[in-house]
Chemist: 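The structure's right below; bear with me while I get my questions together.
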Amino acid sequence: MTAAIIDGKAFAADLRARVAAAVPAFEAAAGRKPGLAVVLVGDDPASHVYVRNKGIATREAGMASYEHRLPAETSEAELLALVRQLNEDDWVDGILVQLPAPAHIREIAVIETIDPSKDVDGLHPINAGRLAAGRAAMVPCTPLGCLMLLKDRLGDLSGLDAVVVGRSNLVGKPMAQLLTAENCTVTVAHSRTKGLSAVTRRADILVAAVGRPNMMTGDWIKPGAIVIDVGINRVPAAEEGKTRLVGDVDFASAAEVAGAITPVPGGVGPMTIAVLLRNTLVAAHVRAGLAPPEGM
C-alpha cells in the first residue's frame, strides 16, 4: 500500500482565500478591518521569522496587522501592561504573544492576562475549559487545523479509534478533545506509555505530536490508517553542515502502510497560520455581535 498524501499546503491556501473573501463583508458591517496583534519579546531568529510570516499573511487576507517587537530585557510587568492595553483596544480582535518568551517572563502569566475573547491561540484557561466542556471556544490553531484535514479526508469521524501521541496544552490535549467531540474513541498516549507501538497500531486515526524525530515507523501503524504528523524536527542532512525537517513519523516506512499521511514539511505546518487567520476573523465577528461566516 502506498499512502495518499494529505496536502496541507493546498488546504491552507484555500482556507486563507476563504478568510480573505469574508473580510470585505465584515469591514462593511463593522466599519473596520479585523485586527491581529502579535507581540514578540527578544531576538530569537526563528520567532522573528514566524512573526514576519504572520504579519504578511494577515495583510494578504485584508486584515490589520499590529506588530510589537520588544527587547529581550523587557520586564514581565511591561509585557503584561502591553497585553492589557491591547485587551482594551477596539481595533484589535486577536492577540498572540509569540512563545517561548525569555526565561524571566512567566508564560502562564502572559496567557492568563490575554482577554479570552481575543485569545486566538486558544490557550487561556477559560478557552481550554470551554473546549473540555464541549462549549464554543477559541481553539488552538494546530489541532483545529489537524481536525480540518481529517474531516476533509474522511468526512464523518464517528466511531473511529483515534490515538493522539502527545499531551501538551498546545496540541495533544485539545486534539483529543476535538476528536472526542467528533464522536471518536480517543486514547491519549505519550513517550512513557507502556507498549506504545501496540497502542498506535489499533488507531484508525493517528496524530503524532510528541516531538521526537522519526519515532513512529511503519510497523507502528494500522494498515489503512490516517496519519497526521504534527512533529517539526530538525535533523542533520546528507550535506555537511545542513539540516532538514522531519516529523515524528518515519515517512518512508509509514507511507507503505497508511491509507493517507501528512508530509513534513507541507502537511500540518501551513495550517497553523491559516487557522490563526480564521480564528481572528471569527473573534472579530463575535466581538462585533455578528454571526461568523458559514463554513469557518
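The shown structure was predicted, so the numbers you read here are calculated from the model rather than taken from an experiment. Note that these values count all heavy atoms, side chains included, but never hydrogens, waters or copies made by symmetry.
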Chemist: Without swapping roles, check the side chain of His190 against the backbone of Val165 for a donor-acceptor pair under 3.5 Å.
Modeler: no
Chemist: Mind checking salt bridge (charged side-chain N to carboxylate O under 4.0 Å, His left out) for Arg69 and listing every partner two or more places apart, or none if nothing turns up?
Modeler: Glu67
Chemist: State which residues pass side chain to side chain donor-acceptor pair (under 3.5 Å) with Lys33; sequence neighbours excluded, sorted by chain then number.
Modeler: none
Chemist: Do Trp91 and Val83 land in one hydrophobic cluster if side-chain heavy atoms of ILVMFWY residues count as linked below 4.5 Å?
Modeler: yes
Chemist: Minimum heavy-atom separation for Val227 to Ala258, with atom names?
Modeler: CG2-CB, 3.8 Å
Chemist: Provide the closest heavy-atom pair for Arg153 versus Ala4 in the form atom of the first, atom of the second, distance.
Modeler: NH2-CB, 3.4 Å
Chemist: May I have the step-by-step check of side-chain contact (heavy atoms from CB on, under 4.5 Å) for Leu281 and Leu277, ending in yes or no?
Modeler: CA-CA 6 Å; Leu281 180 69; Leu277 300 178; over 6 Å; no
Chemist: When you look at Phe251 and Val264, which way does the side-chain contact (heavy atoms from CB on, under 4.5 Å) test go after all the steps?
Modeler: CA-CA 8 Å; Phe251 183 85; Val264 178; over 6 Å; no
Chemist: Looking at Arg18 and Gly295, would you say the former's side chain and the latter's main chain have a donor-acceptor pair under 3.5 Å?
Modeler: yes
Chemist: Salt bridge (charged side-chain N to carboxylate O under 4.0 Å, His left out) with Lys9: which residues, sequence neighbours excluded?
Modeler: none
Chemist: With hydrophobic residues grouped by side-chain heavy-atom distances under 4.5 Å, do Val286 and Val23 end up in a single group?
Modeler: yes
Chemist: Checking Leu154 against Ile205 for the side-chain contact (heavy atoms from CB on, under 4.5 Å) test, could you report, in this order, the C-alpha distance in whole Å, the side-chain angles of both residues, the deciding distance, and whether it holds?
Modeler: CA-CA 10 Å; Leu154 296 173; Ile205 296 169; 4.1 Å; yes
Chemist: Run the side-chain donor-acceptor check on residues 212-220: report pairs under 3.5 Å with partners two or more places apart or on a different chain.
Modeler:
from: Thr217; atom 1: OG1; to: Asp219; atom 2: OD1; distance (Å): 2.5

Chemist: Let me check something: do Leu86 and Tyr66 share a hydrophobic cluster, defined by ILVMFWY side-chain heavy atoms less than 4.5 Å apart, either directly or through other members?
Modeler: yes
Chemist: Among residues at least two apart in sequence or on other chains, which ones pass side chain to side chain donor-acceptor pair (under 3.5 Å) with Thr185?
Modeler: none
Chemist: Strictly by modelled atom types, are Glu78 and Ser75 linked by a side-chain donor-acceptor pair under 3.5 Å?
Modeler: yes
Chemist: Checking side-chain contact (heavy atoms from CB on, under 4.5 Å) for the pair Leu179/Leu150: CA distance, chi angles, key distance, verdict?
Modeler: CA-CA 10 Å; Leu179 289 168; Leu150 284 167; 4.0 Å; yes
Chemist: Let me check something: do Ile5 and Leu206 share a hydrophobic cluster, defined by ILVMFWY side-chain heavy atoms less than 4.5 Å apart, either directly or through other members?
Modeler: yes
Chemist: Please name all residues satisfying side chain to side chain donor-acceptor pair (under 3.5 Å) with Arg32, sequence neighbours left out, ordered by chain then number.
Modeler: Asp93
Chemist: From Ile111 CD1 over to Asn127 CG, what is the distance, rounded to the nearest 0.5 angstrom?
Modeler: 11.5 Å
Chemist: Return yes if some donor-acceptor pair links the side-chain N/O of His104 with the main-chain N/O of Thr74 below 3.5 Å, else return no.
Modeler: yes
Chemist: Mind checking what makes side chain to side chain donor-acceptor pair (under 3.5 Å) contact with Glu107, not counting sequence neighbours?
Modeler: none
Chemist: Enumerate the side chain to side chain donor-acceptor pair (under 3.5 Å) contacts for residues 222-234, please, sequence neighbours excluded, ordered by first and then second residue.
Modeler: Asp204-Lys222, Asn233-Asp248, Arg234-Thr243
Chemist: Has His124 got a side-chain atom pairing as donor or acceptor with Thr113's backbone, closer than 3.5 angstrom?
Modeler: no
Chemist: Quick one: list whatever passes salt bridge (charged side-chain N to carboxylate O under 4.0 Å, His left out) with Asp90, sequence neighbours left out.
Modeler: Arg287
Chemist: Between Pro174 and Leu131, what is the shortest heavy-atom contact and its length?
Modeler: CB-CD2, 3.7 Å
Chemist: Applying ring-ring contact (aromatic ring centres under 6.0 Å, His included), name anything that partners His285, two or more places apart in sequence or on another chain.
Modeler: Phe26
Chemist: Taking the hydrophobic residues Ile, Leu, Val, Met, Phe, Trp and Tyr, and joining any pair whose side-chain heavy atoms are under 4.5 Å apart, which ones share a cluster with Val235?
Modeler: Val246
Chemist: What is the distance from atom CD of Glu182 to atom OG of Ser158, rounded to the nearest 0.5 Å?
Modeler: 7.5 Å
Chemist: Residues sharing Leu96's hydrophobic cluster, by side-chain heavy-atom contacts under 4.5 Å among ILVMFWY, directly or via others?
Modeler: Leu36, Val38, Leu40, Val51, Val120, Met138, Leu276
